[in-house]
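To find a chain, count down the sequence lines: A is the first, B the second, and so on, and within it residues start at 1. Note that the structure is a prediction, hence the values are computed from the model and not measured.
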Amino acid sequence: MTDQISTPAGTENVTSETPAIQLIGLTKKFGDTTVVNNLTLDIRRGEFFSLLGPSGCGKTTTLRMIAGFSDATQGRILLGGQDVTSVQPHKRNVNTVFQSYALFDHLDIEGNVGFGLKRKGLDKAEVARRVNDMLELVDLQGRKNAKPRELSGGQKQRVALARALVNRPEVLLLDEPLAALDLKLRHRMQVELKEIQREVGITFVFVTHDQDEALTLSDRIAIMNNGVVEQCGTPEDVYERPKTVFAAGFIGTSNLMTGTYSAGAVTVAPGIRIELPGHPELLDGSTASIAIRPEKIWIADFEPDMVRVHGQVAATVYHGATTQYLVNISPEIQLTVVEQNLVRSRHDDRWSDGDSVEIGWKPEHVVVIG
Amino acid sequence: MATDAMTQARRGRSVEGKPKFAVAFTALFMFILYVPIVVVVLFSFNSKKSLSVFGGFSTRWYQQFFHDEALLSSLRASLLIAFVAMLASIVLGTMLALALERVSSRPARITGTVALIPLVTPEIVTGVAALLFFAGLGMKLSLVTVILAEITFSISYVAVIVRGRLSSMSDEVEEAARDLGCTPFQALRLVTIPTILPALIAAGLLIFALVFDDFVLAFFTTGVDPQPLSVRIYSEIRMTISPAINAVGTCMLLVSVLLISLSLIVPRLLGRKDSSLDLISGG
Ligand SMILES: Nc1ncnc2c1ncn2[C@@H]1O[C@H](COP(=O)(O)OP(=O)(O)OP(=O)(O)O)[C@@H](O)[C@H]1O
Ligand SMILES: [Mg+2]
């Protein structure tokens, strides 16, 4: 607020406060099925924003409406404060990186990357210069004259990225751009993407169904399900403080439990009362859902302030860096516990199936949902 | 046990070894198919006038062909017909293919099927229909009517080939063009057409070859003078059998083989893996 007062009232400073993208009540129906339902979102300038959700939840459809390939059934789309709901795609200052790359087979890499600039009518020297800079950025300056079919998947992906970025759009839309890559290349591209985004400072809207990808890359994440946003917030927000059962279940593994609330705790099974942190706004006798992340539950070396529960190990799964235990704390409730395999834990320290154990967690790691 | 072993052996041979009768049958088929053609080519170089005795090598029949004004004007007519039909059917067939590929409504699917009917209609039916149509309109039969008939016949071929190529091109490619600042028409001109260009070239060459030596349609729709080459050859043979016809036939064969080969090779030369004729040759 003080920002606005201290800056001169030029248009530039006013717009720097307006979100890059505003979706207002955006709805898309195909026939009778509603694919995107009353979506309202503000995406800030320069933000790395992820749309995360399971297959078929409407991520691509949302992106297509922002780019203008698909008409909204209802609602409005604002780009930099301008209503573009019925503006044609080629007139929107938005570029897209398609999931299938969609490179132009008949043009070489230089032609592909320079395509948008040529359309804008820039002179040849300027196009060549900017294409060169961009190819350097994505580390492809040596392949200028190669045709798309001569490139590997990762290289094609970088060409697709360069082709969109070189136009310096206000907003870059990326539809699962890394989905086709193998794990190693994918991790490398994730790092590169993030670096590029920081360097050029363009707003990224990144669609993915990979939660790890969303968590590591994003400034903010919107978790979508069935065409609605279940939760929108920073990676920490959505991971540590899921607001809905879906969000808790979709991001990471979560130990979800439901029970009756009374006097600061939830009874999830006869004799098992789980204390809640702070002062939850719940009525005595109401039903409450709670979640605890597996890595927040300890199976040894408890600290004094921890809540402890008895249970029985039902299964152990070795994951290399971690070991996962499934612990039954009641006939119905099985909790997942993940323990780091640190140097100090020798093999004979481990628990095996059927062992009676005590598990514990800090009360503040219990999250109330909904 | 014994029968088991026998069926084993039989099955083994039919899968692993080449059954002898299949080889023989194929050889016979090729023989019957190509011997007449080989004979035509061979006798076009005969120094004698005989059609049964080979008297030595000469090019006299070619010289006679190249000095026969009637045959030459027919050759020019056939080239003209093939060329115009090729251009027109490429344009119209591509438009049809684009429309059918874009619209996925029921009427469009039905139209798509109807558009394929000329491919399976006996040519003689098409020929008669075209003749009746032109007569009904009171049009005088000429090269124009031949060209019109050949165009209608060729559009289906082009549409099939181009559709095959279009359907393997992701919609996102055209959207990418729009995304990068193209109007719908620019996207078509700068991206879609160049992408399917090899298919267009292949289709064009194929149509040229098909129309150039087409007889049935030409026979029904041609006027008197000049006649397409195939019709001219037919009427000449009915009067006198001159070995010059062998020379003409060999030339036509050469043109056709050349065009078909080009239509197979050009897409590969342009560096596209997908030759559109694979669609027809079943590759
Ligand atoms: N053109 C269309 N006509 C009818 N239904 C469509 C169309 N496009 C998408 N849908 C439907 O809309 C729903 C959402 O599709 P969308 O492509 O947006 O999903 P998504 O979230 O991108 O999924 P994925 O992660 O699998 O890419 C799907 O159920 C799909 O079947
Ligand atoms: Mg999608």
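Atom CD1 of Ile124(B) has 12 or fewer neighbouring heavy atoms from other residues, nucleotides or ligands inside a 6.0 Å radius. The environment of CZ in Arg168(A) is sparse: at most 12 heavy-atom neighbours from other residues, nucleotides or ligands sit within 6.0 Å. Residue Lys91(A) qualifies as open at atom NZ: its count of foreign heavy atoms under 6.0 Å is 12 or below. Taking a 6.0 Å sphere around NZ of Lys194(A), one finds it holds more than 12 heavy atoms contributed by other residues, nucleotides or ligands. At most 12 heavy atoms of other shown residues, nucleotides or ligands fall within 6.0 angstrom of atom CZ in Phe83(B). Remark: Asp71(A) CG is loosely packed, at most 12 non-hydrogen atoms of other residues, nucleotides or ligands lying under 6.0 Å away.
Expressed to the nearest 0.5 Å, how far OG of Ser170(B) lies from CD of Gln99(A) amounts to 10.0 Å.
Taking each heavy atom of Phe98(A) and Glu172(B) in turn, the nearest pair found is CB-OE1, 3.4 Å. Closest approach of Arg178(B) to Phe69(A), counting heavy atoms only: CB-CE2, 4.3 Å.
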Q.
Run Phe115(A) and Asp179(B) through side chain to side chain contact (heavy atoms under 4.5 Å, CB included) and show every step you take.
A. CA-CA 11 Å; Phe115(A) 191 90; Asp179(B) 191 67; over 6 Å; no
Derivation and outcome, side chain to side chain contact (heavy atoms under 4.5 Å, CB included), residues Thr195(B) and Phe104(A) | CA-CA 7 Å; Thr195(B) 305; Phe104(A) 305 135; 5.7 Å; no
(request) Take Arg119(A) and Leu190(B), measure what side chain to side chain contact (heavy atoms under 4.5 Å, CB included) needs, and give me the verdict at the end. (result) CA-CA 10 Å; Arg119(A) 289 285 89 222; Leu190(B) 296 171; 3.4 Å; yes
Worked check of side chain to side chain contact (heavy atoms under 4.5 Å, CB included) between Arg163(A) and Leu180(B):
CA-CA 9 Å; Arg163(A) 183 179 68 176; Leu180(B) 294 167; 3.5 Å; yes
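There is no contact between Ala187(B) and chain A, counting heavy-atom distances below 4.5 Å. Within the 4.5 angstrom heavy-atom criterion, only side-chain atoms of Asn167(A), from C-beta onward, approach chain B. The contact between Thr183(B) and chain A is made by backbone and side chain atoms together, counting heavy-atom distances below 4.5 Å. Interface remark: Leu173(A) contributes no atoms to any contact with chain B (heavy atom separation under 4.5 Å). Using a 4.5 Å cut-off between heavy atoms, Gln186(B) touches chain A through its side chain atoms alone.
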